[in-house]
Amino acid sequence: MLGHMPVSHCTKDIQRKINFSNFLNQPTSSPANTFTELQSLMAPDDKAGDSVEPAKPKTLLRVRACFLKGVSYFSGDMKVYGQWMESLILQNYWWALNGFVGTLFATISALILQQNRGAIAAGLYGYNGILVGLLMAVFSSAGAWYWWLLLPNIFMSMMCPVVSSALASINSRWDLPVFTLPFNILVCLHMVATGYYNPYFPQVNIQPRSAMPNITWAQLDVAKLFMSVPVGIGQVYGCDNPWTGGIFIISLFISSPITCAHAVIGSAVGMVSGLALAAPFGDIYFGLWGYNCVLACIAIGGMFYALTWQVHLLAITCAFFCAYLSSAIANIMSRFGLPACTWPFCLSALTFLLLTTETNKIFKLPLAKVTYPEKNLRFFWKLKKKEKMEKAEKERKEVEEQKKIIKETMILNEQEKRVLERMEEGREESERSEGNDDETHGEDHAPGVQQQHTANTPVEVTVADYV
Amino acid sequence: MLGHMPVSHCTKDIQRKINFSNFLNQPTSSPANTFTELQSLMAPDDKAGDSVEPAKPKTLLRVRACFLKGVSYFSGDMKVYGQWMESLILQNYWWALNGFVGTLFATISALILQQNRGAIAAGLYGYNGILVGLLMAVFSSAGAWYWWLLLPNIFMSMMCPVVSSALASINSRWDLPVFTLPFNILVCLHMVATGYYNPYFPQVNIQPRSAMPNITWAQLDVAKLFMSVPVGIGQVYGCDNPWTGGIFIISLFISSPITCAHAVIGSAVGMVSGLALAAPFGDIYFGLWGYNCVLACIAIGGMFYALTWQVHLLAITCAFFCAYLSSAIANIMSRFGLPACTWPFCLSALTFLLLTTETNKIFKLPLAKVTYPEKNLRFFWKLKKKEKMEKAEKERKEVEEQKKIIKETMILNEQEKRVLERMEEGREESERSEGNDDETHGEDHAPGVQQQHTANTPVEVTVADYV
Amino acid sequence: MLGHMPVSHCTKDIQRKINFSNFLNQPTSSPANTFTELQSLMAPDDKAGDSVEPAKPKTLLRVRACFLKGVSYFSGDMKVYGQWMESLILQNYWWALNGFVGTLFATISALILQQNRGAIAAGLYGYNGILVGLLMAVFSSAGAWYWWLLLPNIFMSMMCPVVSSALASINSRWDLPVFTLPFNILVCLHMVATGYYNPYFPQVNIQPRSAMPNITWAQLDVAKLFMSVPVGIGQVYGCDNPWTGGIFIISLFISSPITCAHAVIGSAVGMVSGLALAAPFGDIYFGLWGYNCVLACIAIGGMFYALTWQVHLLAITCAFFCAYLSSAIANIMSRFGLPACTWPFCLSALTFLLLTTETNKIFKLPLAKVTYPEKNLRFFWKLKKKEKMEKAEKERKEVEEQKKIIKETMILNEQEKRVLERMEEGREESERSEGNDDETHGEDHAPGVQQQHTANTPVEVTVADYV
């Protein structure tokens, strides 16, 4: 069943992670002042208010939820989704409702359009739907329980399978996944079509950055900076608490150590890039420079390429490139009042997946074979082993063949030698005893053997050639 | 002759319609204040002035022209073009001249570049040329009879076949038409290269919307709202009069009922979307939310897909998506002083044409076979019938084959039975008459027949298997 | 070795030229006031200062360097690179250092990623690297010897092979080169990611043009206007001195007259377009409207197409289109604080290379066969000659075949005639001598021959048909 959904199944794992790159980080991936604005806009609503309130009661709920999640992680990664949904529901029922509506209608739409059943079952279509539903609620400045929002939400999530399918038609030519591009496109489309001034569907007013705060390195809090690494990973799942991030790291380590390592590296790279490109410290502490880099680093580091040392270095480079892109895209898109979403991740990962090299150390997996890093690696090793064995087999056969030929040649030479010797003897004998007929019989026999052999020789050689 | 112009002929019909999506609607597809600005900029010119003046004398001329058009429509859709040219000429000689120059030089350029003769004859190249020429005149704020404008006009219309051919090289990989993309690209290129401040080729100053008028639903004029549906269709042909739109609807109904239905639906969808996205009522009444949706709905609903219920729903979805895109594109492009042109139609239709599904109810016609909805439908039914017949034929043969096998098996069983009976009889007889040789001959004969049959049996079965 | 690098080798020549499209022109391809700003920003640095100072001491150095270059040009075009590096180093050590670092790390990165050795040796990767390094230094407003700049410089130049390879994966589907797109993308990425306000990596503040200076044609200096043609060519190599440009023209004429002619035409076209689109005279005199057009005209005029009259006209059209695009792209990109770089050249050349026609007069060379115009032409002629010979051979064979058939038919007719005559004679004879049997034998023989021939005839004709 999973065999014939090349574009879909492949991205299941990575996308389950991206799934979570949502509700708190995107707004603030744009300049920091936007986020406070978002918070203030969300504040009047009492239900949403307590979830966005500074971290005291929320943290407790979260830590509990995340601890449970950490424990439940052992039994496979499908449960994480449920856990996360649960934690999300605890945080903001309205957002959760929108996410649910998004998932539901994206799946219904995929069923109506008769997309691949396997892909639907794997949650691939509902997946972009939940992101669309959730983020449309997050970026709406109309406050929670503004029921009219469900209308564009339903429409946009129903558009998900259409846009996914259209993009897949293009990307499949290069054997590339669509990642979260449908979500990025549809959320940006909705936001730019309405704008912050829209009376029905007002958006958060994201404004372009035109000046930088003075950065005084003396103010740098090294502890917070180190904590930003787990926070960056937590932000992928929507949590800004370092302990939560820590639990995520442990969970990831248990389920897939390679993914875990690359997540940590990606987050650290994002943090370093933020410092290097003079981002406000607040943004860095908050993990906003991390989440895209975490995703990009995971995608390249073992997910779509088989992990080798070369691929590992490539993944780190991709994380740096993604950090650069994050800054550039946030600057450009904020001109149009748009957040960066996960565009930087999508674009940087696609660029690195289009790369072609002459080395076999950078092996891009066929899209239909992509699962998770460890399994990918096994597939790669198997393939390599098979190739090696085939090569060895081929070499062995060649060697054997050559040995056989040498042996045969030697036997022939030997026989020829013997025959010649016998002939020599026979001649001598015949020279010695010209009259006795009995011995002539033996003499007659020897040439017969020789003839028989000279007749056989070419046949055997020919057979050897054909084997 | 029409066989070898895959990209061209297909779009003939749809593009003839788009042809008209021109002279009054684009400027105002940007915010409403722009349009009044355009009108005031056009006003000093006396020839153009009377055509843009509020609707009294113009309406008379138009209604007359459109009535004539409605009458002449019966004799085929090629005459519409002439009629429209005529009405256009009555409205504004200067615009008509520019449109003519555009057509002429685009065709000359296509001839020089030796593009497909059939496509040239079908007016495909001249087609984008007329749009380029016309719109460059419409968006120029230098006033009518500014002869220098003919220079960029000639150049840009000569670029049409180049850009068309380049785009077709890309789009043909996905069997997609180029629609009016060359026109969109070239007009936007000219406008952004010069700008409203250019001393030689000044453009209409299209400014981004940054605030919304207060919408009071009490002010909504329901009659005007209902009238906006025919107006939206009329705007595709450049007419903002509801009666004209009505005549167009009747004409469309006569020439192609499917196209007519989708035009009405598209216009209604655009109107509803405008209301839903809080557009100023004036824009909606004026049909500005309609024309892109009309085109997109026609393109998907029967033009490039064979019409089924599923495709019909898809066309409606596409119209909604197009309305969303119109708003988004108008917002972004107005930042650069650009109108939305027909970008929303092109992008939404291309997205929906890239869609792939597993159902055979959504059948995309090969680009070379695209004509008009009714003919497409006949092609689709023929194809389906053929498939059905082939399937039935195959099934019939299989059934016959099976019948034959059953019959043969039955015959064999019968023969075997008979032979066994005879053997039984023979045995009995031989038991009865041991001495008489004559009857033993009959006994001898029977096993011979049986042997013959047991020898034949496997052969016949084998033959049955191979058929 | 050069056989298997389709994307790479082809662009060697053109890119060596683009190589030089760098250090003075890009900043000023944006509005003129930006350039003075750049100069003032560069001024505080004493080393760079003397090189940007108005043209007195610089000119002497340059003319000397360029004269040497002109002389050294005879021995092949690889030396030009060295000469240019030298002149560059004389101008600004800091820029030269950045260019060198860019080349070095781009090459190292290409080696690590195991890109095609032939392409690396041909300087293809280092090539985009030098542009990235150089331009990042040029557009930095941090002043010279700001060592931290080397960090993003190294990173971005190491990204060059990645982006080149990714773009080549896409472009190779249409057999298109990547031109300087990696350079354009990476420099714009760096600039937009940091911005003019960045405290660590501040960029030159490029501002959008919103008003035009009053252009009074009386002020037009015709001498300067004519001089702008060589200046435009010189700007490709980074020199704004007309004499230098003149020497370049002579050098180009010696190495490749076709390239030279198209460079002059391109520069003239750019100048004319600048006048037509109301550019400030200063920009035109300074050659800013020329360099992109020069490159585009060279690329189309004989480099990627085999030169014919049709292609020559196409190259001129492409130069005009490129001038238009330059203005449009500069206007749009300046909104984001970005320079136009060589985007206009890349986009216009790619558009014209995507063109497909039905004439064999516009022959696009396979990417692997692209070298320089004269050699391309020889390849084209050879191909044409071969085709002609093959055609002639085929025709000759056909003619021979037909001759053979005619001959055979004639022989047959002759035989038939002879037989008929003989029959006639035989009949007459038989009429004459009814009784003598001997002659009847002859009569019997003749019909036999005839029968034999009537039997043979169709067979021979059939054979002739099949040959």
Side-chain angles (χ1 to χ4, degrees), chain B residues 4-7 109-120 142 148-149 151-152 154-156 158-174 178 182 185-203 205 208 332-333 335-338, chain C residues 170-171 173-176 208-217 269 272-280 300 309-311 313-314 316-318 320-336 344 347-362 364:
Chain B
H4 24 70
M5 45 169 194
V7 189
S109 167
L111 285 168
I112 293 171
L113 287 167
Q114 298 207 3
Q115 297 295 301
N116 189 292
R117 288 286 167 129
I120 296 171
W148 290 108
L149 188 66
L151 273 178
I154 290 168
F155 178 70
M156 280 301 175
M158 290 191 85
M159 282 303 298
C160 265
V162 176
V163 175
S164 293
S165 178
L167 284 171
S169 294
I170 295 170
N171 282 15
S172 62
R173 294 285 167 112
W174 287 273
V178 296
I185 290 168
L186 290 171
V187 165
C188 288
L189 178 60
H190 172 71
M191 289 187 74
V192 89
T194 49
Y196 70 92
Y197 42 75
N198 195 290
Y200 300 163
F201 305 112
Q203 306 298 327
N205 187 6
I332 285 184
M333 296 193 81
R335 299 285 175 105
F336 302 100
L338 293 173
Chain C
I170 295 169
N171 283 13
R173 294 286 168 110
W174 288 273
D175 203 34
L176 294 173
R209 180 166 56 179
S210 59
M212 281 283 194
N214 283 324
I215 293 168
T216 43
W217 283 85
V269 163
V272 169
S273 302
L275 287 178
L277 292 174
I300 300 300
W309 274 107
Q310 286 84 343
V311 166
L313 292 173
L314 205 66
I316 293 169
T317 317
C318 184
F320 274 109
F321 187 62
C322 182
Y324 242 110
L325 259 181
S326 300
S327 182
I329 287 172
N331 278 346
I332 284 184
M333 296 195 80
S334 61
R335 299 286 175 105
F336 302 100
L347 297 183
S348 60
L350 286 176
T351 304
F352 275 75
L353 287 177
L354 274 170
L355 182 73
T356 49
T357 64
E358 289 185 348
T359 172
N360 61 348
K361 303 287 181 192
I362 297 174
K364 195 187 152 202

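All values reported here derive from a predicted model rather than from experimental measurement. Every chain is numbered from 1 and lettered A, B, ... according to where its sequence line falls, protein lines coming before strand lines.
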- prompt: Between I170(B) and chain C, which part of the residue has a heavy atom less than 4.5 Å away: side chain, backbone, both or neither?
  reply: both
statement: Heaviest contributor of heavy-atom pairs below 4.5 Å to chain C, chosen from S164(B), P152(B), S165(B), is S165(B)
- prompt: Side chains of T194(B) and Q203(B): is there a donor and an acceptor less than 3.5 Å apart?
  reply: yes
Interchain contact, L325(C) with chain B, by part (heavy-atom threshold 4.5 Å): both
task: Could you walk me through whether L350(C) and N171(C) pass side-chain contact (heavy atoms from CB on, under 4.5 Å), step by step?
output: CA-CA 9 Å; L350(C) 286 176; N171(C) 283 13; 4.3 Å; yes
- line: Contacts of F201(B) meeting ring pair (Phe, Tyr, Trp, His ring centres under 6.0 Å) (sequence neighbours excluded), chain-then-number -> none
- prompt: So which part of A323(C) gets closer than 4.5 Å to some heavy atom of chain B, the side chain, the backbone, both or neither?
  reply: neither
- prompt: Does a sphere of radius 6.0 Å around CH2 in W148(B) hold more than 12 heavy atoms from other residues, nucleotides or ligands, not counting ones at 6.0 Å or beyond?
  reply: no
Parallel, tilted or perpendicular: ring planes of Y200(B) versus W217(C), cut at 30 and 60 degrees: parallel
Structural part of M158(B) lying under 4.5 Å from a heavy atom of chain C: neither
- request: Write down the atom of S109(B), the atom of P161(B), and the distance for their closest heavy-atom approach.
  value: OG-CG, 3.5 Å
query: Under a 4.5 Å heavy-atom cutoff, which of T317(C), T351(C), T359(C) has the most pairs with chain B?
result: T359(C)
query: What part of I185(B) lies closer than 4.5 angstrom to a heavy atom of chain C: side chain, backbone, both or neither?
result: neither
field: Residue I362(C) versus chain B: region with a heavy atom under 4.5 Å
entry: side chain
